[in-house]
Every structure is written in C-alpha cells, then in structure tokens.
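Residue numbering restarts at 1 for every chain, and letters A, B, ... go by the order of the sequence lines. Just so you know, these numbers use all the heavy atoms, side chains as well, and skip hydrogens, waters and symmetry mates. Keep in mind the model is a prediction, meaning the values are calculated, not measured.
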There are 2 protein chains.
Amino acid sequence: MTVNETMTDAAESDPLQRLGFLLARHGAVANSRVHHAFETCGLAARQGTTLMLLGTSGSMGQQALAAALEVDPSVLVGILNGLESAGLVERRRDAADRRRHIVAITDEGRCLLAKAQDAVAEVEQGLFADLSPEEITALRGLLAKVRTTPGDPVCTEQ
Amino acid sequence: MTVNETMTDAAESDPLQRLGFLLARHGAVANSRVHHAFETCGLAARQGTTLMLLGTSGSMGQQALAAALEVDPSVLVGILNGLESAGLVERRRDAADRRRHIVAITDEGRCLLAKAQDAVAEVEQGLFADLSPEEITALRGLLAKVRTTPGDPVCTEQ
DNA sequence: TATTGTTATACTCTATAACTATA
DNA sequence: TATAGTTATAGAGTATAACAATA
C-alpha cells in the first residue's frame with residue numbers, strides 16, 4: 001500500500017475524513033479552545049500569544065514580535081495598544097536606535113500570563129484527556145514531521 | 001510522568017511548542033494548503049468543500065448542507081449562488097415541501113470535483129510526504145482521539 | 001404561528017499604502 | 001534613501017435581524 005492509498009482510502013466514504021481536512025478541523029477546534037481560554041482572562045487570542053512570547057523572551061523589538069506572531073507590523077500596533085493601555089506591557093524607545101520600540105512585559109503582565117497559561121493548560125488537558133503520555137509524545141512527533149515550513153502562508157479562513 | 005507534565009514540559013522553553021498551539025498551527029497550514037488547492041481550480045474553499053459533500057451524497061437540502069459546512073444558512077446562499085451561476089450545482093424545489101431547496105451536483109460539477117480532489121490529494125502528499133503509511137494511520141488515529149465533539153464551536157480566527 | 005431560504009444592515013478583520021521620525 | 005513604527009482607507013468576511021413564501 002502506498003502513502004497515497006493510505007490517505008485516500010479512508011476518504012472514499014466521506015471526503016471530510018481526508019487527513020488534510022481532519023488536521024485542519026482538529027487544528028481549528030484547538031485554536032478555538034485556546035482562543036476561548038485567553039478570553040476568559042480578558043485577552044484577545046493574539047494578545048495572549050504575545051504575552052506568552054514576552055514571558056519567555058522578556059522583551060522584544062516590534063519587528064521580531066510581528067514576525068513571531070506572523071502578523072503585519074500595522075496589526076501588531078493594535079494588539080500592543082490594548083496590552084499597553086491595560087498595563088500588561090511597556091513600549092520603550094531603543095536608546096541605540098531611537099526608531100525602534102522595545103516591548104517588555106510588566107509585572108502585571110506576568111501575573112495575568114500565569115493565569116492565562118493555567119487556562120491554556122486546562123484546555124489542553126481537556127483536548128488530550130483521552131491520550132496517554134506516550135500518545136501525546138507520539139502526536140507531537142508526528143506533527144513535527146508534517147511538512148509545514150516556518151515561513152509558510154498560514155490562512156485561517158474556513 | 002503525568003499527562004499534564006508531558007504537555008507542559010516541552011513548553012517550558014517556548015510556549016508556542018505547547019501541543020495545543022502546535023495542533024492549531026499545523027491545522028492552519030493544512031487548511032491554507034487545501035484552500036490554495038481549491039483556488040487553483042477556481043473554487044473558494046467552502047465552495048470546494050460543498051462540492052465534496054455533494055459528491056458523495058448526490059444532493060442535500062440547504063439546511064443539512066449549512067449544518068455540515070458549519071456555516072449560517074445566509075452564508076450558504078452566497079456559496080451556492082457562485083456554484084450555481086458556474087453551473088456546478090443546481091437548486092431544485094422540493095415537491096413535497098415547496099419551502100425547501102434541494103441542492104444537487106451537476107455533471108459539470110462532478111468533472112471539476114474530480115480535479116479538485118486530485119489537487120487536494122496532491123497537497124496531502126506534500127504535507128505528509130515524510131510520514132510512512134503506518135505513521136499516517138497513527139496520526140489519523142491520534143487525531144480521532146482528540147476531544148473535539150462534532151457540535152464544537154470552530155473558530156478560525158488566529 | 002413556525003419554518004425555509006433570501007436579503008439588508010452593521011460590524012469586524014485585514015491588507016495596502018501613505019505618513020513620521022529616525023538612521 | 002532606507003527603516004521602524006504608526007495611521008488611514010478600502011475591501012472582504014461575518015453575524016444579526018428583517019423579509020417573503022410556504023407549511
């Protein structure tokens with residue numbers, strides 16, 4: 001049996017059982033759940049992701065932040081405006097290059113981040129409750145083998 | 001090691017390595033690729049999915065179609081208008097209940113559907129080229145164990 | 001009165017390009 | 001002239017609710 005047959009056989013009965021569709025659908029649900037977890041903390045999805053990034057890096061330039069979030073720099077402005085007016089992050093001028101803004105997470109931001117991470121962890125436990133630790137490791141490994149190069153266009157439309 | 005530790009340990013270094021995020025991201029890429037495959041056939045993503053559904057069922061009422069596509073009936077109108085004006089599907093009044101429209105795929109629709117399915121299969125071969133048939137089966141099985149109940153809210157925002 | 005499909009309105013999101021301030 | 005960030009505009013997509021036809 002070839003790889004192609006493995007993927008198409010199961011699709012004979014229902015085209016939406018195709019592996020590509022399955023991955024897209026389960027990914028959308030996972031996204032939706034994480035989205036909702038952030039919202040319970042009063043954060044928009046990408047605001048939450050931004051806090052997570054800043055939580056490990058401490059501070060980043062807006063350029064790097066936009067690249068990591070895969071959003072246009074002009075979109076990042078809106079995300080940061082919300083976070084900054086809530087006192088969760090700070091924009092500081094880079095002394096070495098006064099064009100740049102260094103975005104840093106505040107103590108208040110770290111406090112909320114902790115809650116957000118708990119909420120996301122809870123969502124994951126709900127999503128993967130029926131998988132054993134071994135299966136979770138296996139899923140992680142298999143996802144890593146899916147050919148999705150970092151620079152890939154990621155469209156979230158349905 | 002508990003399930004929770006399995007999921008959080010890998011996230012210590014990079015929060016975007018969390019399994020929930022990974023699944024969301026790979027799903028988004030898969031979605032994007034399928035999206036693009038349909039577009040090469042001149043179909044919007046949900047138009048393609050609609051054709052796939054009609055390809056196996058032959059014909060469906062708009063209510064059932066909207067439910068299967070998880071879109072509002074008013075959104076389905078736009079999708080079907082495009083497909084019908086292109087001659088790919090037909091709307092017929094249900095003789096038994098003249099309020100209902102039965103949507104049926106045309107011969108022309110089946111012809112384009114075949115091409116679209118080839119394009120999607122090609123996308124899948126690209127995505128899963130590094131996975132053996134056994135791994136593909138394993139991935140399918142693991143995804144099936146992810147707790148995503150059918151009626152789940154699926155949000156595709158990033 | 002309830003239901004099927006349709007239309008209309010307002011709202012959100014995004015992409016593009018112009019703008020400013022610095023280099 | 002080029003770059004970092006910001007703002008403004010227009011377009012697409014969506015959700016909500018009103019609507020006509022039929023039950």
Given atom [atom1] of [X] and atom [atom2] of [N], what is their separation to the nearest angstrom?
X	N	atom1	atom2	result
A/Leu76	D/dA4	CG	P	13 Å
A/Arg92	D/dG5	CZ	C1'	18 Å
A/Leu69	D/dG5	CG	C1'	15 Å
A/Gln47	C/dC13	CD	P	11 Å
A/Asp94	C/dA21	CG	C1'	14 Å
A/Met60	D/dG5	CE	P	11 Å
B/Glu39	D/dA12	CD	P	14 Å
A/Glu84	D/dT6	CD	C1'	13 Å

For residues 106-115 of chain B, please give each side-chain donor-acceptor pair under 3.5 Å, one per line with the distance, not counting sequence neighbours.
{"from": "B/Thr106", "atom 1": "OG1", "to": "B/Gly87", "atom 2": "O", "distance (Å)": "2.7"}
{"from": "B/Thr106", "atom 1": "OG1", "to": "B/Leu88", "atom 2": "O", "distance (Å)": "3.0"}
{"from": "B/Thr106", "atom 1": "OG1", "to": "B/Glu108", "atom 2": "N", "distance (Å)": "3.4"}
{"from": "B/Thr106", "atom 1": "OG1", "to": "B/Gly109", "atom 2": "N", "distance (Å)": "3.0"}
{"from": "B/Arg110", "atom 1": "NH1", "to": "B/Gly55", "atom 2": "O", "distance (Å)": "3.2"}

DNA chain C contacts among residues 95-106 of chain B, heavy-atom distance under 4.0 Å: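 Residues of residues 95-106 of chain B that come under 4.0 Å of DNA chain C are, in numerical order, B/Arg99, B/Arg100, B/His101.
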
So what is the end-to-end bend of the helix from C/dT1-D/dA23 to C/dA23-D/dT1, with 5 pairs used at each end and the value given to 10 degrees?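 Answer for the end axes of this duplex: 20°.
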
Taking only residues two or more places apart in sequence, or in another chain, which ones meet B/Ser57 in a side chain to side chain donor-acceptor pair (under 3.5 Å)?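 Residues passing side chain to side chain donor-acceptor pair (under 3.5 Å) with B/Ser57: none at all.
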
Residues forming a side chain to side chain donor-acceptor pair (under 3.5 Å) with B/Asp118, sequence neighbours excluded: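 Residues passing side chain to side chain donor-acceptor pair (under 3.5 Å) with B/Asp118: none at all.
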
May I ask you to verify if any side-chain N or O of A/Arg93 is less than 4.0 angstrom from the OP1 or OP2 atom of C/dA23?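 It does not, given that no N or O in the side chain of A/Arg93 lies less than 4.0 Å from OP1 or OP2 of C/dA23.
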
Any A/Gln63 side-chain nitrogen or oxygen under 4.0 Å from OP1 or OP2 of D/dA4: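 Checking D/dA4 against A/Gln63, a side-chain N or O does come within under 4.0 Å of OP1 or OP2.
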
Mark yes or no for whether B/Glu124, through its side chain, and A/Gly20, through its backbone, hold a donor-acceptor pair below 3.5 Å.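 Indeed, once roles are kept as given, a pair shorter than 3.5 Å links the two residues.
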
Please identify each residue that fulfils side chain to side chain contact (heavy atoms under 4.5 Å, CB included) with [X], with sequence neighbours left out.
X	result
B/Asp130	A/Arg147
A/Glu122	none
A/Ile102	A/Ser59, A/Asp94, A/Arg100
B/Thr40	B/His36, B/Ala119

N/O contacts under 3.5 Å, protein versus nucleotides 15-20 of chain D?
{"from": "D/dT16", "atom 1": "O4", "to": "B/Ser74", "atom 2": "OG", "distance (Å)": "3.3"}

Do the side chains of B/Thr148 and B/Leu143 get nearer than 4.5 Å, heavy atoms only?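 No. Closest side-chain heavy atoms not under 4.5 Å.
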
Applying salt bridge (Lys or Arg N to Asp or Glu O under 4.0 Å), which residue pairs with at least one partner in residues 81-92 of chain A are found, sequence neighbours left out?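 As it turns out, the salt bridge (Lys or Arg N to Asp or Glu O under 4.0 Å) pairs with a partner in residues 81-92 of chain A, which skip direct neighbours, are A/Glu84-A/Arg91, A/Glu90-A/Arg92.
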
List the residues meeting salt bridge (charged side-chain N to carboxylate O under 4.0 Å, His left out) with A/Asp97, not counting sequence neighbours, and say none if there are none.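 For A/Asp97, the residues satisfying salt bridge (charged side-chain N to carboxylate O under 4.0 Å, His left out) (neighbours in sequence not counted) are A/Arg99.
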
